[in-house]
Structure formats: structure tokens, C-alpha cells
Amino acid sequence: AGPCDIYSSGGTPCIAAHSTTRALYSAYSGSLYQVKRGSDGATTNIAPLSAGGVANAAAQDTFCASTTCLITIIYDQSGKGNHLTQAPPGGFSGPESNGYDNLASAIGAPVTLNGQKAYGVFVSPGTGYRNNAASGTATADVAEGMYAIFDGTHYNGGCCFDYGNAEVSSTDTGNGHMEALYFGDNTVWGKGSGSGPWVMADLENGLFSGVSSGTNTGDPSVSYRFLTATLKGGPNLWSIRGGNAASGSLSTYYSGVRPTASGYNPMKKEGAIILGIGGDNSVGAQGTFYEGVMTSGYPSDATENSVQANIVAAKYATTSLTSGPALTAGSSVSLRVTTSGYDTRYLAHTGTTVNTQVVTSSSTTALKQQASWTVRAGLGNSACFSFESKDTPGSYIRHYNFALLLAASDGTKQFNEDATFCTQTGLSGQGSTIRAWGYPTRFFRHYSNVAYVASNGGVNTFDSSTSFNDDHITGDPAVEDV
Ligand code: AHR
Ligand code: AHR
Ligand code: AHR
């Protein structure tokens, strides 16, 4: 059985079922998600390998070979047609043209399920999916349930990495107009014990961890690499639960009456569905989503416990974030441009600006050093890499407003993540293409000889898709050794 078969047996059927990794009904063999590739704008649907099975990630890899791919649609498996697509602007605008949110990279969150490769949905700040015309979702004070599997190590304090029920207008229409799972370490409204991150409920104008606004110590900090989170709510009753999606059972973080703050009892749910954003399209949050559902009716704890057992049996596990030529921590590299006419240039820095410069064996030692980097384990994720300056130890390549800069480490989580990059087989067939860990739609790219993390098409000049594949920067032995 799949999670939605279990919810059905419990009398609280799924009315939305979203996953890029697997079928959530044992009989489901339809499309899980759609990807769109950068080379020609073509789309394809990815289905499970067999009914009830894991996504056919190899079909995606073949379709997306030598180009970039975005997740354009996350299909609803419930039959209600509650698909998730690129979120439109609301109270806040997204970064894409006309205020739409970004779409997620199709390769940002690789995992295995029972040893078979699949991809989750890696939400960078700015990314969001939504359905403002969902059918069968709970409205007003009607009962519903939901669960999601998140990456408990990928979060931030921005507003708001959510999955669940929200406003149909993409605007803040008042307290109680949302009921969505939240995951992160935002402390503007509520929090739990410790320093976070926490599973909370986004009920609009408030993230709730229990019966009162503010701190509720029953809601623990949780950072399981694979995190199961549940939320359910009905008339003057709601609950948050969570646990390790890879083993064990769920714990109840809160179960009881509606918050004491005014406006949340009765609820005024509107029935839209969001992923990765706040109800008003706040787009500051990050997180990773693998699967999730929404139900009709208030699921029993026993039903949720059976769903957790099903999730554990799916055997989520990590897999490599890199591909192509290997980099070795501790080694020196120089990164040479591959664009025809520019291929005597190397990634270098002039002060804090990261650019490309012509370097030859007769260049000065100073310039050679400016174009040489010590490979380090990724400061923000040790499965990827950071590049420490040869001539300015303690300073690293980071991105800021998507430009590459040389900056001294300040030790913050933001710095560490902005200084972490993952290598993959070169899009042009040469060397490595290097993507930003936290923005997997964005790759090292030179433009007018200045270096950026650029997307393959987008609102910035440096995102130009013209010569995108060739403008990447590939690894060479350190030029200081030339
Ligand atoms: O409730 C927290 C956030 O407040 C909501 O997600 C958003 O709509 C509002 O800004
Ligand atoms: O480079 C994109 C973002 O710009 C970084 O993640 C952040 O530090 C800055 O605001
Ligand atoms: O960085 C040099 C060139 O500038 C790039 O190849 C091109 O995309 C841009 O015009």
C-alpha cells in the first residue's frame, strides 16, 4: 500500500498527493512531475518505474543530458487535479518576470529510495509552487490532515517554507486563513525549544508551535536528514507531529485546542495549496520537499503512524551531489574558461571581484596566485566544495546577489551556504560545470569577463541563455604550478 491507500483505509482520503520521488498509491502509474529543459524549452513527464513505484529518474537524466532542467508541474496523484505549478505574485512578488516565483531545479535534491535514484524539490529563496483553484481541499473550519517529508538540514529563517492550505488570492486575508506545515528556524512569530529548526503550523500572521503564540517547549528542534512532519486541524482541535523519515515512529509535538490568540478559532481556511512560500507569496524561505499529501477529514494518530511506517519502508537515503571529474579537498585548482575565444582566461579575483583573466606561464606570480584556489570540503555542505583563495587564505568564493565575490569567511550559515558549490559533468561536454549548492538552477558563469552564478535564461543580463553551456568554467591543474 502507499500512504494514500493508508489514509483511505483510515476514512480520511487524500485530496492532494504530491511527490517527485514515488507513487503515493500502490496502483498509481501516472505522471509524477513534469520537467522543462533549457536547450529547447521542451517538456516531458516523469512517471514511476512501475505502478506504486519510484520515479524514473533515468528518464529525466536522459531528457536533461547536456542542458538544465526545471520542475514545471508537480502532479496531483489523487485524481482531483490539484497540480502544483509556478506560483504567481501575490502580496509579494517572485523574482521571475511578471512577479512569478522561480521554478526548482530538477537536480538539486538527488536521493535514493530502496537504492533507486530519484529527485526531490529543492526550494531556494524565490522558488514557489501553488494551486489557487484546488478542489476538495478543506475550507473554513472543516477538518483536514497533511504530511510532508522534508530535508531537516535544509532550512532558513525566511518566510515561509510551507506545504499545505492557503489563501486563494495569494494575499494575506487574515488570521486563520491558512493551515500549512512550516519547517525552518524563523522566530518572528513562534518557536519551539532549542535553536531550531522546528516543525510549526502556518495559520496566517503566525507560525504556531502550540497553544500560545511564542515559544512552546513541547515542539523540539529537529534536523533529521529526512524528516516526516504532520499537521491536522478541525473544529477547536489541531496537532503537529514529527519524526525521522528513515527510522522509528512519530512523536506528538502538540495536540489540543486551537491557539488562544484571536482569529484562529474557528478557522477560515480557503483551500489553495502552496509549496515553498507563505500564504501571501512571501518568498524568503528555503527547504527541500520530497513528498506530501493533504487529506479530507482529521486523520487518526494510528493512521499517521501507519503512514510513517510506509515512509520508513520506502528507505530514503542520500546519494552523491556531484558528478563528472572529481575534485579533491586540499588540492589546488585553477578554473579555465571553455568559451571559444576566451579559453586563455581563468577564474581569478581582483580585490573582492571575481572575474576571468588571461593567465600564461609568463604571468606574474601574483596573478597566478589570484587565479589559483585551494579546494575545501563545502563549508555549507561537505558533499560539495568551497574554493579558498591562494593569496588570501581565509577568503572564499561566495555569491552575493548572484555575483561571485571573494570574501573572508564570517562563519555564518549564510556565508557557508553561499560559499558552497557542487561540480557536475560539464554541460558542454568539457570538464565540470559548477552549481551553487543553495541555488541549483545557478552555475559558475562568466559574462563580460565577470563571474556570476547564473541561470540558463532569466531576468538578469548575466542569465542570458546565449552561450550559457560554453560560458562555464572547468578545472585545470593550478596555474601557479604551470
Ligand atoms: O503566517 C506567517 C506568514 O505571514 C504567512 O505565510 C504570510 O502570508 C504572512 O506574511
Ligand atoms: O547570491 C544570492 C543571495 O544574495 C545570497 O544567497 C545572499 O547572501 C545574498 O542576498
Ligand atoms: O565573459 C565573456 C562573454 O561575455 C561571454 O562569453 C558572453 O556570454 C558574454 O557576452
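None of these values were measured; they are calculated from a predicted model. Counting starts at 1 for both ligands and their atoms, in listed order.
- Note that CE of Met267 and OG1 of Thr139 are 11.5 Å apart. Values are rounded to the nearest 0.5 Å.
- In this structure, Trp437 and His154 have perpendicular ring planes: the angle between them is above 60°, well past the 30° mark.
- Using a 4.0 Å cut-off between heavy atoms, Asn401 contacts ligand 2 through both its backbone and its side chain.
- At a heavy-atom cutoff of 4.0 Å, ligand 2 is contacted by the side chain of Arg398 but not by its backbone.
- The atoms of ligand 3 that sit less than 4.0 Å from any heavy atom of Ser467 are 6 (O), 8 (O).
- For the pair Asp101 and Arg130, the salt-bridge criterion is not met [side-chain N within less than 4.0 Å of a carboxylate O].
- Within the 4.5 Å cutoff, no side-chain heavy atoms of Ile73 are placed close to those of Leu84.
- Between Phe462 and Tyr452, the angle of the ring planes stays under 30°, which puts this pair in the parallel group of the 30/60° scheme.
- Centroid-to-centroid, the aromatic rings of Tyr155 and Phe150 stay 6.0 Å apart or farther.
- In Thr339, the part holding a heavy atom less than 4.0 Å from any atom of ligand 3 is the side chain.
- For ligand 3, the polar-atom distance check finds an N/O of Arg445 within less than 3.5 Å of one of the ligand's N/O atoms.
- Partners of Asp219 according to the side chain to side chain donor-acceptor pair (under 3.5 Å) rule, which considers only residues two or more places apart in sequence or in another chain, do not exist here.
- Remark: Tyr254 pairs with Trp238 by the ring-ring contact (aromatic ring centres under 6.0 Å, His included) rule, at least two apart or across chains.
- Screening residues 394-423 for salt bridge (charged side-chain N to carboxylate O under 4.0 Å, His left out) gives Arg398-Asp418, Lys413-Glu417 as the qualifying pairs, with residues at least two apart or on separate chains.
- Heavy-atom proximity to Ser448, at under 4.0 Å, picks out these atoms of ligand 3: 1 (O), 2 (C), 3 (C), 4 (O), 9 (C).
- Residue contacts with ligand 2, taken as heavy atom pairs separated by less than 4.0 Å, do not involve Glu417 at all.
- Close approach of ligand 3 to Asn449 is summarised as follows: ligand atoms under 4.0 Å from at least one heavy atom of the residue are 1 (O), 2 (C).
- Under the 4.0 Å criterion applied to side-chain N and carboxylate O atoms, Glu144 and Lys232 are not assigned as salt-bridge partners.
- Looking at Ser372, its side chain does come within 3.5 Å of a backbone N or O of Lys368 through a donor-acceptor pair.
- Side chains of Asp151 and Leu227 form no contact here, defined as non-hydrogen atoms less than 4.5 Å apart.
- Of all the atoms in ligand 2, the ones that sit under 4.0 Å from a non-hydrogen atom of Phe402 are 1 (O), 2 (C).
- Distances below 4.0 Å separate heavy atoms of Gln414 from the following atoms of ligand 2: 6 (O), 7 (C), 8 (O).
- For the pair Phe415 and ligand 2, no heavy-atom separation below 4.0 Å is found.
- Counting atoms of ligand 3 from 1 in the listed order, those under 4.0 Å from a heavy atom of Asp471 are 5 (C), 6 (O), 7 (C), 8 (O).
- Against a heavy-atom cut-off of under 4.0 Å, His399 is close to the following atoms of ligand 2: 1 (O), 2 (C), 5 (C), 6 (O).
- Near ligand 1, residues Cys159, Cys160, Asp162, Met178, Trp189, Asp202, Glu204, Asn205, Gly206, Gly278, Gly279, Asp280, Ser282 each place a heavy atom inside the 4.0 Å sphere around the ligand atoms.
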